[in-house]
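As structure tokens, the structure follows; a few thoughts come after it.
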Protein chains: 2
Amino acid sequence: MQDINESRSGRAADTVVRQLSQKIQSGEYSDGTPLPPERLLMEEFGISRTVVREAVQSLSKQGLLEARPRHRPIVRKPGYDAAISAMESVVSHLLNNSGGVKNLFDTRILVESALVRQAAQQAQRDDIAALKSALEANKAAVDDSERFYLTDRAFHALLYEIPQNPVLPALHRAYVTWLAPQWSRMPRLPERNRANYEAHVAIFDGILMRDPDAAETALRCHLDQAWEQVCETFGDGL
Amino acid sequence: MQDINESRSGRAADTVVRQLSQKIQSGEYSDGTPLPPERLLMEEFGISRTVVREAVQSLSKQGLLEARPRHRPIVRKPGYDAAISAMESVVSHLLNNSGGVKNLFDTRILVESALVRQAAQQAQRDDIAALKSALEANKAAVDDSERFYLTDRAFHALLYEIPQNPVLPALHRAYVTWLAPQWSRMPRLPERNRANYEAHVAIFDGILMRDPDAAETALRCHLDQAWEQVCETFGDGL
DNA sequence: GCGTCATTTTGGTACGACTAAACATGGCAG
DNA sequence: CTGCCATGTTTAGTCGTACCAAAATGACGC
């Protein structure tokens, strides 16, 4: 009810954004519930609807609100995925620049090679078991390219889960999402599926034998091969 | 001049966002120049100023425009840094959650350990020379904590530059920015500076000797130590 | 030429109105 | 009583206008 004026910030919307995000974080607006209607916020903060809408839009771009058209914005405590999706639009521009896809994929190689090394050194019994069953799912799907794609993704996803760091699975989802436009237009051949499966086996063996070097080598070989396939399909112009 | 209606998209602002971002990417609005005034865009697209403002705000949050209050928005072709800064607000929330800082720092350890391994295997003569001079700057600044902080950052930044992948330096800037709140409130002691310098030397030696394992070990030791210092300062509640 | 001041431009905010979609209600037919 | 549909209500999306203040612009005097 109090005027938020005199908050000495160039833009009124900014102070509203601060107050709202604070109320969200403090739980005053609990997760999953819709925000009060714009007209209520308007009188609560003593501002016009213009400013309310600006603030709401800003918060939704930050991932603290989920705004569907014609609906009340839903309060969302942001997770690591929200951070990733905040970059999405920018990234999509960057991927159109020459070299953008390769730069992104190279970071994936970097990260994933570090992951398999760490897995080879620290993977627990259940991690290994999960990898093993993912491998079997791979093997069972070599002839069904659509399904193989899913099991392929699942195998790599496991690598990102082993360190128990919630940033990493989010990062994997990001890679999958951003590289999907290239990947999904590639031809899916059973031979390639089989080669990928065998590459996965090699990675798994490296982890199983607690041999970081072997695991990393296998993974780099696997991803380099994938990149070559991309280049063959799109003609290097990335 | 044509009506953008009938574009079959729930929100008018979204179509304007698309059109504008396309015009920015195609160079019709060249980088560095201000966008046309809102009132012009309004009639150009046949929409109200409300929508124009919404679109402009959206684009500026995406990093395609740089909007200062009371100024015309400046067109910016987004780079990798723009992607990072798009996450900034979300990340700042995540870092307040328990474990957020540690999760982020762990990814840094992961990435940076992969970087030093790669450096040990692939660093060129000039990379090594750059590292060497960064080390000397370290050594010269051990007694001036403020300056040592800068040279410390510069040393690590070099590691991110070696693979020639523009994503990585941006990532380093992100780490520095996001972890700065914790780092900058830590006491700076010459002993610590000296210890950090020696850790850098160990990393450099590993790279110089083309010994990835040694380099990685030294780096992990270095960063783990840094994390311990953070914990001592803030009492583990991260 | 250069600084100063008045004018115009332009973004920031407010208010009011209307539309259409989503939601809530209640009545009607089975 | 139950399920479905018509109706009214809520609410976000959009538009138009108006006003203010800061910035950009240009005129003027020095």
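Between Glu38(A) atom CD and dC18(C) atom P there is a gap of 19 Å when expressed in whole angstrom units. The interatomic distance linking Glu43(A) (CD) with dT11(D) (P) rounds to 12 Å, in whole Å. Put simply, CE on Met42(B) is 15 Å from C1' on dT9(C), counting in whole angstrom units. The nearest whole Å value for the distance from the CG atom in Leu35(B) to the P atom in dT10(C) is 12 Å. One interatomic measurement links the two molecules: CZ of Arg11(B) to P of dA12(D), which rounds to 12 Å at whole-angstrom precision. Rounded to whole Å, the distance from CD1 on Ile47(A) to C1' on dC15(C) is 14 Å. Atom-to-atom, CZ of Arg53(A) to P of dC15(D) comes out at 11 Å; the value is rounded to the nearest Å. Here the C1' atom of nucleotide dT14(D) and the CD atom of Glu54(A) are 16 Å apart, to the nearest Å.
Dashed line: the shortest gap from a side-chain N or O of Arg70(B) to OP1 or OP2 of dT10(C) is not under 4.0 Å. Phosphate contact (OP1/OP2 of dT11(D), side-chain N/O of Arg72(A), threshold under 4.0 Å): present. Here His71(A) reaches the OP1 or OP2 of dC23(C): one of its side-chain N or O atoms lies under 4.0 Å away.
Minimum atom distance to the side chain of Thr50(B) is reached by dC15(D), of the listed dC15(D), dA22(C), dG12(C). The Ala12(B) side chain lies nearest to dT14(D) when the options are dT14(D), dT19(C), dG12(C).
If you check distances only, the side chain of Arg39(B) does reach the base of dG11(C) with a donor-acceptor pair under 3.5 Å.
Within the 4.0 angstrom heavy-atom criterion, base atoms lie near Arg49(B).
Salt bridge present: Lys102(A) and Asp106(A) bring a charged side-chain N and a carboxylate O closer than 4.0 Å.
Side chain of Asn138(B) to main chain of Thr151(B): a donor-acceptor pair is present (N/O by atom type, distance under 3.5 Å, no hydrogens or angles). The backbone N or O of Val230(A) lies less than 3.5 Å from no partner atom in the side chain of Gln182(A), so there is not a single donor-acceptor pair.
Closest approach of Ile24(A) and Lys77(A) over heavy atoms only: O-CE, 3.7 Å.
In this structure, Lys132(A) places its NZ atom where only 12 or fewer heavy-atom neighbours from other residues, nucleotides or ligands lie under 6.0 Å away.
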